[in-house]
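Comments concern the structure below.
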Amino acid sequence: MEHSSGFSLPNSGHNRDAEASKMGMWLFLFTELLLFGGLFVVYMVYRLLNHEAFLLSSFELNVTMGTFNTVVLLVSSMTVAMSITAIQKGNAALSIRLLFVTLGAAVVFMVVKYFEWSAKIHHGLFPGQLVFDNLPKGEGLFFFLYFFMTGLHALHIIIGAVLIAVVIYRTRKGLITAEKYTLTENAGLYWHLVDLIWIYLFPLFYLIH
Amino acid sequence: MRIGASTFAEGVDLSLYIIAGISIFFLVGITAVMIYFVIRYNKKRNPKATNIEGNNTLEVIWTVIPTILVLVMFYYGWMGYKPMRTVPGNAIEINAYGQMWKFSFEYPNGKLTDSLVVPLNRPVKLYLNSRDVLHSFYIPAFRLKEDMVPGGKNYLWFEANLKGKYDILCAEYCGQLHSYMLSSVTVLPVEEYEAWFEKAPTITDEHPGLTVMKQNACLTCHSQDGSKIIGPSFKGIYGHEVTVVTDGIERQVMVDDEYITRSIKQPGSDVVQGYMNGLMVSYENVLTDQQIKDVIEYIKTLK
Amino acid sequence: MNTIKQNHNDQGHEEHPIVSYREHLSTLVALLLLTVMTVAISVFGSNLRTLSVATALLIASVKALVVAYYFMHLKYDKKLYTWLLLIVGVLFVSFLILTSIEFLNR
Amino acid sequence: MTSTALNVNFFQAKKGLFSWIFSVDHKRIGLLYLYSLLTFFLVGVTLGVLMRLELLNPGKDFLEAKTYNQIFTLHGVIMIFLFIIPSIPAVFGNFFLPIMLGTDDVSFPRLNLLSWWIYIIGAIMALSTLIWGDGPADTGWTFYAPYSVKTGTNVTMSVLAAFVLGFSSILTGLNFIVTIHRLRTPGMTFMKMPLFAWALYATSWIQLLATPIIGITLLMIVAERFFGIGLFDPSIGGDPILYQHLFWIYSHPAVYIMALPAFGIVSEILPTFTQRTIFGYKAIAFSSLAIAFVGYFVWGHHMFTAGMSGPARIIFSVMTFLVAIPTAIKVFNWVATLYKGSIDLQPPLLYMLGFIFQFMVGGLSGLVLGALATDIYLHDTYFVVGHFHYVMFGGTGFAFFGALHYWYPKIWGKMYNIKIANIAFAIFFVGFNMLYFPMMIAGLMGMPRRYYDYLPEFHLPNMISTFGSWVLVTGLLLMLGNLIAGLRKKNQPKVGRDPWGGITLEWQTLSPPPVQNFDRMPVLPKDGPYDYEHKPVIKED
């Protein structure tokens with residue numbers, strides 16, 4: 001049998017291919033978008049069916065806190081984007097600092113979210129609580145969707161934060177450099193998606209009255 | 001197929017024949033061509049294949065022809081369907097209910113039945129409602145089917161044009177005894193129908209509690225002879241202790257007036273051990289207090 | 001043996017233009033302005049009702065596009081990604097339209 | 001790159017169970033899928049046979065109504081989520097996509113292994129309902145609310161299993177799309193890609209973009225069962241029909257996840273056994289994309305009787321008919337590929353001819369269900385059951401087994417007994433039609449589906465159908481037995497690189513392929529993947 005040595009396939013699945021990783025991340029983001037998309041369909045239909053109830057319920061939400069969190073997320077998006085610029089320029093230290101700002105923003109966002117949720121739960125508006133069970137027609141759906149959608153979003157914040165922590169760790173270790181920063185890019189893409197979804201959640205829940 | 005017994009049958013059958021006709025033509029034609037090719041161009045007869053990349057004219061032809069054909073099929077399907085959603089103004093309006101696993105009907109004069117009786121050649125409109133899960137009201141002979149959805153926004157109408165008795169079936173899966181959820185529709189000449197319609201429900205010596213139970217499909221899940229169906233049997237339970245699960249905790253309760261009333265109004269509150277929760281709906285707004293009393297009196301008699 | 005010309009071996013990292021800090025900062029300013037706009041419309045324009053919902057969603061979409069275009073580097077990436085994102089958007093919007101056709105006509 | 005010698009095949013490279021279940025080699029992962037899929041398939045078949053046995057005569061035979069309902073639900077869940085959705089992409093896509101593209105693996109080999117693990121976890125979750133928590137769901141595989149939130153059976157677990165399996169499907173799709181974009185061998189443009197790759201590309205997009213919708217919907221069912229909010233309860237403002245919309249937004253495109261890869265298989269096998277180029281390459285390639293796209297907008301035809309609004313019914317009916325057109329185009333092109341070929345009637349081709357016939361029956365009966373008037377009559381009857389088994393089993397199932405016969409010598413480097421394979425096909429084919437055609441008749445007579453018991457007038461078709469199930473199982477077992485016997489047979493003559501005279505790249509490498517897939521640089525035919533006039537000479541050694 002012939003040993004045709006010294007040949008390797010030009011396009012190999014075992015090569016490091018930054019473009020492929022990025023494409024994979026984008027495709028994953030598409031599925032994430034449609035995961036939330038399904039919930040937006042539910043939101044739209046129930047809002048069409050229970051127009052007034054949704055408007056009334058949204059008064060329960062705190063616009064100030066919502067706006068504050070929006071700003072927090074937008075700023076964190078910028079710092080992630082900037083950290084990519086920093087690593088491209090070879091400034092790992094700055095990149096790490098910017099990522100820490102993002103991480104901090106994630107924590108702030110979650111803390112604010114915690115206060116918002118506990119206020120609702122305190123009012124008995126969580127599914128299964130007494131007030132929730134006796135809400136007028138349609139309002140229960142609003143609060144269910146509020147908890148379900150912001151909860152799923154918060155879960156994404158946590159995943160994104162973990163991802164960013166990994167990026168910080170690897171940048172420190174010198175594993176992410178000006179030549180090789182795919183992970184930073186992908187974590188950034190994921191973080192922007194979290195922001196993107198919040199951009200829609202915010203007006204749909206807080207600003208409809 | 002069954003004989004069509006409503007005005008819709010013609011439209012439905014016509015579109016069925018048209019689609020089936022075109023389909024069978026293509027199925028037989030393509031299969032024949034395929035078999036012919038396999039024989040004619042067999043390796044032995046045709047050792048050297050000819051490479052033909054494709055043919056744009058052919059591609060256009062076999063895009064355009066199916067397009068026209070499917071639009072024709074759509075058209076006939078639509079025309080056969082259109083009258084089903086155009087209800088004449090003078091239709092007799094009847095409420096139809098589905099519940100696990102029984103159909104029931106309420107006539108304009110308050111008459112309650114568990115099978116349908118309709119006049120010949122008169123439009124009848126049914127408002128479809130469900131007391132628990134999805135059901136589907138299906139009369140094959142009328143070529144008619146609409147789902148019974150809780151919340152009750154769906155309806156159907158028909159005009160029977162052939163005397164006789166036809167099956168009503170449930171076509172949407174609705175749980176354990178789905179295939180036994182049957183009823184019938186009897187088509188009577190107008191005079192006979194009117195006579196039937198005016199006649200007060202026959203007074204029987206049946207226990208009023210039993211009548212209530214029959215009307216509300218209690219007996220599809222609870223037997224009177226001690227056998228276990230979906231829920232506990234009624235036989236000999238009155239005055240006895242049973243183990244129930246209340247909010248996940250087991251406890252003993254005496255089956256008395258209060259317990260039975262609670263079980264009818266809030267079936268989920270104390271579920272007898274070994275039975276499923278969630279299958280029974282609340283009858284709080286369905287039964288009157290007097291009816292509940294009748295039921296309790298009847299259960300007492302089942303020793 | 002016939003070997004294939006390896007004219008484009010596009011493995012590894014393709015060249016990415018470096019986006020300036022300044023551009024990121026102006027993007028953020030634009031996003032913040034848009035946020036202020038939506039909140040203002042919602043708080044002060046409550047008599048506009050449906051109109052305000054429509055504008056809120058419109059502004060949200062503008063913000064989303066800004067995020068995707070600048071922060072997510074669509075501006076500098078292959079056009080493929082922009083197209084794919086648009087297709088996904090169209091798909092999702094058609095789900096919304098089809099279901100609303102159904103529920104609005106009940 | 002690994003340093004394994006180029007002529008060591010992927011079976012020999014490493015030994016032991018762990019070298020398989022933790023392998024990142026796409027070929028081994030493909031085979032892992034094959035073995036697990038076939039196991040679940042046989043479980044599903046057994047359940048199906050039990051159902052047919054119960055339905056042999058009207059009345060109760062040997063199953064309780066509740067057990068019967070659980071069996072048909074589990075049959076559906078297994079066949080759809082564990083067999084037919086992953087079938088062709090996960091087995092043959094994994095094994096052959098990289099080889100056909102002339103590369104050594106998919107873009108994300110580790111993600112690929114993860115997909116298989118997720119699949120196994122999902123499968124264990126689905127089957128675990130057999131032993132705990134009031135048994136498998138009894139809702140039908142559609143999990144329609146509100147029954148699915150009321151019943152006491154283990155719906156939560158079944159639904160979570162489907163959710164997990166969805167993830168596996170998404171990740172496989174993602175992997176294939178990136179692989180197709182990034183790893184085609186130089187010179188292989190999109191328009192010179194094998195049609196199987198095209199079919200997988202279209203399929204992957206559906207997997208990627210439709211599956212999340214069902215994921216979130218199923219999570220809502222879980223939340224509903226957990227909190228009892230009444231999410232689909234009209235008395236608090238909900239709508240039970242919304243669940244059906246969300247469910248079918250995924251599950252109709254999912255039908256194309258099941259069907260498109262089968263189209264790809266046909267488009268591979270026909271050229272090989274006719275020794276000529278495929279007729280209308282572009283038409284077949286683009287019709288896959290067209291089906292994938294239009295397939296997103298037809299979901300409403302599952303709900304024509306659910307009380308949907310009039311305009312919606314009409315729109316969905318038109319869209320349904322439109323999706324038939326690209327499918328028809330494919331069929332015409334396949335038949336035209338037989339024209340002036342040099343036809344070698346081997347078992348794989350037989351399966352393809354069976355596929356085309358049965359798929360036509362399935363597709364054409366689908367037209368009856370797409371038309372509004374006839375759908376009102378036939379919706380949720382046995383006609384539907386017959387129809388989708390013709391498409392799924394007669395179509396995709398036959399394509400799957402055809403592909404298994406086609407690539408068998410490539411995967412294992414051995415050959416099965418052709419004569420027995422032909423006989424098994426004949427029995428399988430007859431049994432199939434005997435089993436499912438009477439179902440359509442029963443449906444035309446008005447027998448609703450998911451029926452534990454039936455009126456006496458439906459007896460005859462049900463009886464024939466049950467007899468058919470026995471014939472089908474005989475054929476199936478003979479076929480599988482023959483394939484296994486081929487593997488066990490010692491001292492067979494070696495199968496060369498290209499036993500069928502195929503032209504796509506997998507036939508240029510060794511059988512079984514080496515770990516890196518190729519022992520020499522693959523050579524593309526001059527004009528497109530099926531250019532038999534310029535077929536590169538495949539030198540055995």
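All chains are named by letter (A, B, ...) in the order of the sequence lines, taking the proteins before the strands, and each is independently numbered beginning at 1.
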Original post:
Less than 4.5 Å apart, any side-chain heavy atom of B:Ile30 and any of D:Phe332?
Top reply: yes

Subject >> Top of B:Phe74, B:Phe26, B:Trp62, B:Phe37 for chain D proximity - count of heavy-atom pairs under 4.5 angstrom >> reply: B:Trp62

Original post:
Which pair of non-hydrogen atoms, one from B:Met73 and one from D:Ala371, has the smallest distance, and what is that distance?
Top reply: O-CB, 4.3 Å

Subject >> Gap separating the CG atom of D:Leu372 from the CE atom of B:Met84, nearest 0.5 angstrom >> reply: 9.0 Å

**OP:** Indicate whether any N or O donor in one side chain lies under 3.5 Å from an N or O acceptor in the other, for B:Asn46 and D:Ser342.
**Re:** no

Subject >> Validation row: D:Phe357, B:Leu27 side chains within 4.5 angstrom (heavy atoms) >> reply: yes

Subject >> Heavy-atom closest pair, residues D:Gly307 and B:Glu146 >> reply: N-OE1, 3.9 Å

Original post:
Does the side chain to side chain donor-acceptor pair (under 3.5 Å) test come out yes or no for D:Asp375 and B:Tyr81, once each step is laid out?
Top reply: CA-CA 9 Å; D:Asp375 184 73; B:Tyr81 153 82; over 6 Å; no

**OP:** List the atom of B:Val133, the atom of D:Pro146, and the distance in Å for their closest heavy-atom pair.
**Re:** CA-CG, 3.8 Å

Original post:
With a 4.5 Å heavy-atom cut-off, do D:Asn333 and B:Glu59 have their side chains touching?
Top reply: yes

Original post:
Going by atom types only, do B:Asp13 and D:Tyr377 share a side-chain donor-acceptor pair under 3.5 Å?
Top reply: no

Original post:
If you take all heavy atoms of B:Asn51 and D:Thr277, which pair is closest and at what distance?
Top reply: OD1-N, 2.7 Å

**OP:** Please determine, among D:Gly528, D:Pro326, D:Pro234, the option with the most heavy-atom pairs under 4.5 Å with chain B.
**Re:** D:Pro234

